[in-house]
Amino acid sequence: MTYPWPGGTRAAVCLTIDFDGESPYLWRSRETRGPAVGELEQRRYGPRRGIENLLAMTDGLGLRTTVFVPGWIAEEYPAQVAAAHERGHELALHGWCHEPPTGLTGDELHDTLDRAARTLAGVSGARPVGYRSPSWDMTAGVFPVLRSLGIGYDSSLMGDDRPYEVDGVVEIPVDWSTDDAPYYRYVGGDPRPPTPTGPILDAWTREIAAAKAHGTLCMLTVHPWLSGRPARVAVLEELLAPVVADPELCTPTVRELAEHHRAQAGGRTVSLDALGRPAHD
Ligand SMILES: [Zn+2]
């Protein structure tokens with residue numbers, strides 16, 4: 001069955017920015033942190049430089065994105081997060097300090113996301129309506145928590161390459177193949193160097209061409225501390241300029257795509273029982 005993409009287009013390409021900065025490192029090392037500052041500084045490149053480089057590129061293309069922002073980042077770097085909002089990008093939830101939901105009780109997840117939603121609302125004037133789990137770590141119990149907070153969509157699972165629904169929440173699926181982290185993330189001592197830009201441009205160009213041929217979603221996920229470096233931004237611009245110019249492709253924000261899906265009849269629906277036993281009940 002052909003998915004009815006917005007505007008009668010053949011396929012969708014979403015650019016999403018996971019604005020992690022230092023938050024995953026701070027959470028991971030919260031009980032063991034020593035004097036090392038190397039990875040912290042490496043990650044601070046995101047809020048200091050990378051986010052502006054990415055926003056300048058998307059401004060040039062006229063492309064709007066969804067920015068998934070840990071609440072801690074919005075509190076620590078309000079000017080950078082406000083800049084994304086003021087330039088037309090959607091802000092959405094990504095934990096408080098990038099805590100994976102598998103390590104939280106339902107109440108803890110609710111409270112961290114509510115705190116993050118209030119912080120993002122303080123920047124943009126409106127509570128976010130979307131969520132992406134840190135590291136795409138998920139449990140079935142996340143969905144009732146999202147519903148209780150009025151969150152209408154999630155973007156963390158890989159069970160389809162078109163929007164679907166889980167427990168009344170629209171799922172806009174992701175894919176490790178079009179996430180920059182497996183290619184670029186290198187924090188010293190890793191067994192392989194970062195992937196060069198050329199192979200990524202080649203691989204992601206093929207992903208977009210395949211999405212167009214098959215009528216699917218290409219969900220691109222980039223991190224300012226990784227893809228915000230100049231040569232990598234240049235490659236994203238080279239990749240996305242023909243996408244924006246192609247009338248057969250749409251480039252909605254994730255919220256826009258979720259609302260479009262909600263307005264359609266049919267589509268795949270997954271129950272919590274089918275997904276897995278809720279961990280937070
Ligand atoms: Zn993240």
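When a ligand or atom number is given, it counts from 1 through the structure's own listing order. Nothing fancy with the numbering, it's 1 onward along the sequence.
- In this structure the side chain of Glu259 never reaches within 4.5 angstrom of the side chain of Pro252, judged on heavy atoms.
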Using distance only, find each side-chain donor-acceptor pair of residues 239-251 under 3.5 Å and give its atom names and separation, not counting sequence neighbours.
residue	atom	partner	partner atom	Å
Asp246	OD1	Glu248	N	2.8
Asp246	OD2	Lys212	NZ	2.6
Glu248	OE1	Lys212	NZ	3.4

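- Sequence neighbours left out, not one pair with a member in residues 28-80 passes ring-ring contact (aromatic ring centres under 6.0 Å, His included).
- Here the side chain of Thr66 pairs a donor or acceptor atom with the backbone of Val254 at under 3.5 angstrom.
- Protein N/O/S atoms closer than 2.8 Å to the Zn ion (ligand 1): Asp20 OD1, Asp20 OD2, His94 NE2, His98 NE2.
- Residues His85 and His89 bring no donor and acceptor atom of their side chains to less than 3.5 Å of each other.
- Residues in residues 162-174 take part in these side-chain hydrogen bond (donor to acceptor under 3.5 Å, both in side chains) pairs, two or more places apart or across chains: Arg147-Asp167, Asp160-Arg162.
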